[in-house]
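Predicted model only: the values in this text are computed from it and were never measured.
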Amino acid sequence: MPKLIVSIDGVVIKDVTLAKDRTTLGRRPYNDIVVDNLAISGEHAVLHMIGGDVYLEDLNSTNGTYVNGRAIKKQALEQNDVIEVGKYKIRFLAGAAAATESLLPVRPPPPAPSGPIPLSSAPTVQSPLGGGTAGAAVMRVLSGSAAGRELSLQKVVTTIGKPGLAVAAVTRRLHGYVVAPIDGETLLNGEPLGSEAVALQDGDVLELGGTRMQFVIS
């Protein structure tokens, strides 16, 4: 499904899956996406999902709705379009993470890590994914001051990386996990990650903003 990655001042604060035909955005609490900021109108904009397309419509807001720096009234959204409302930037992902695994490209095996990898102390849990994944998955940091730390991938979508440098989204699917870039350059096993989602395999190494992380299925 299409997704929105909401950020302010380069910091990702939430991600939203567009699961409805009509999704409203505004300051009032009854909106589907609530942005509590005085620069945002009570009913600021609405997203219409028609078939496989998503249209963004400004609802005569006071400060306007912008896509890629241009004011819009109603516009179809495309992959990686950036919506601006007030100081908030919302990146649109056109469902690349929902691509079927059968269409994902074949990749070379991951290189051996250059240095010791800390042993994981995270307990193995029963997988919520059914038969496709044997256990819980984590991202293990291999470099930098946070080396040795592990980030659990229990949520449906987990954003990783450094806002303002490189950010990617790891999505949990029925039979495994996929990764798709959001902002900046992401390397997967030393190769640039394209615009499409790619299935992750145990031991894959991601690099974002100079930080190396390893995908591990415990």
Side-chain angles (χ1 to χ4, degrees), residues 1-105 155-161 163-164 166-174 177-186 193-199:
M1 291 183 179
K3 299 181 186 298
L4 301 176
I5 308 298
V6 184
S7 65
I8 184 169
D9 296 329
V11 178
V12 176
I13 58 174
K14 70 171 72 172
D15 51 71
V16 180
T17 298
L18 298 179
K20 299 167 58 178
D21 292 340
R22 187 177 188 272
T23 302
T24 59
L25 181 152
R27 194 176 71 252
R28 301 299 182 191
Y30 51 75
N31 286 284
D32 298 304
I33 304 173
V34 178
V35 183
D36 188 12
N37 186 282
L38 292 178
I40 311 300
S41 297
E43 298 176 359
H44 196 101
V46 61
L47 296 114
H48 303 277
M49 189 157 58
I50 304 174
D53 298 322
V54 176
Y55 295 85
L56 174 66
E57 181 181 3
D58 181 77
L59 296 177
N60 297 316
S61 63
T62 302
N63 294 312
T65 301
Y66 296 79
V67 175
N68 301 328
R70 298 179 61 181
I72 63 99
K73 179 59 181 175
K74 186 173 184 179
Q75 179 172 317
L77 295 176
E78 298 181 357
Q79 174 76 356
N80 284 325
D81 274 351
V82 176
I83 304 165
E84 295 180 61
V85 288
K87 293 184 178 180
Y88 289 80
K89 292 188 177 182
I90 306 172
R91 187 174 296 275
F92 174 72
L93 299 181
T100 58
E101 293 180 11
S102 61
L103 298 179
L104 298 176
K155 296 193 301 181
V156 175
V157 178
T158 303
T159 53
I160 59 174
V167 178
V170 178
T171 302
R172 190 187 74 190
R173 298 182 57 205
L174 181 62
Y177 294 78
V178 297
V179 60
I182 295 176
D183 193 16
E185 183 178 61
T186 300
L193 187 64
S195 60
E196 297 298 317
V198 177

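- At distances below 3.5 Å, at least one donor-acceptor pair connects side-chain atoms of His44 with backbone N or O atoms of Gly64.
- The nearest pair of heavy atoms linking Arg22 to Val46 is CG-CG2, 3.4 Å.
- Lys73 NZ: more than 12 foreign heavy atoms inside a 6.0 Å radius.
- Looking at every heavy atom in both residues, Glu185 comes nearest to Ala166 through O-CB, 3.4 Å.
- Taken to the nearest 0.5 Å, the CZ atom of Arg27 stands 8.0 Å off from the OG1 atom of Thr62.
- To the nearest 0.5 Å, atoms CD1 (Ile83) and NZ (Lys89) are separated by 13.0 Å.
- Annotation: salt bridge (Lys or Arg N to Asp or Glu O under 4.0 Å) contacts involving residues 32-59, sequence neighbours excluded, comprise Lys20-Asp32.
- A 4.5 Å side-chain heavy-atom check between Met49 and Leu47 finds every atom pair outside the cut-off.
- Note that CG of Leu93 and CG of Asp15 are 9.0 Å apart. Values are rounded to the nearest 0.5 Å.
- Side-chain contact check for Met1 versus Leu18: every heavy-atom pair is 4.5 Å or farther apart.
- No side-chain heavy atom of Asp81 sits under 4.5 Å from any side-chain heavy atom of Leu56.
- Summarising the geometry of Ala168 relative to Val179, their closest heavy-atom pair is CB-CG2, 4.1 Å, with the distance given to 0.1 Å.
- Using a 4.5 Å heavy-atom threshold, the side chains of Val85 and Thr65 count as touching.
- In this structure, the separation between CD1 on Ile72 and OH on Tyr66 is 10.5 Å, given to the nearest 0.5 Å.
- For the pair Gln75/Val54, no side-chain contact is recorded, criterion being any heavy-atom separation below 4.5 Å from C-beta on.
- Once rounded to the nearest 0.5 Å, the distance linking CG of Leu4 with CG of Leu25 reads 8.0 Å.
- Side-chain atoms of Asn63 come within 3.5 Å of backbone atoms of Ala39 as a donor-acceptor pair (strictly under, hydrogens ignored).
- Distance check, rounded to the nearest 0.5 Å: NE2 of His48 to CG of Leu77 gives 11.0 Å.
- Using modelled atom types, no side-chain atom of Thr24 and backbone atom of Asn31 make a donor-acceptor pair closer than 3.5 Å.
- Pairing each heavy atom of Leu193 with each of Pro181, the nearest pair is CD2-CD, 3.8 Å.
- Between the side chain of Asn68 and the backbone N or O of Val82, at least one donor-acceptor pair lies under 3.5 Å.
- The number of heavy atoms from other shown groups lying within 6.0 Å of CD1 (Ile50) is above 12.
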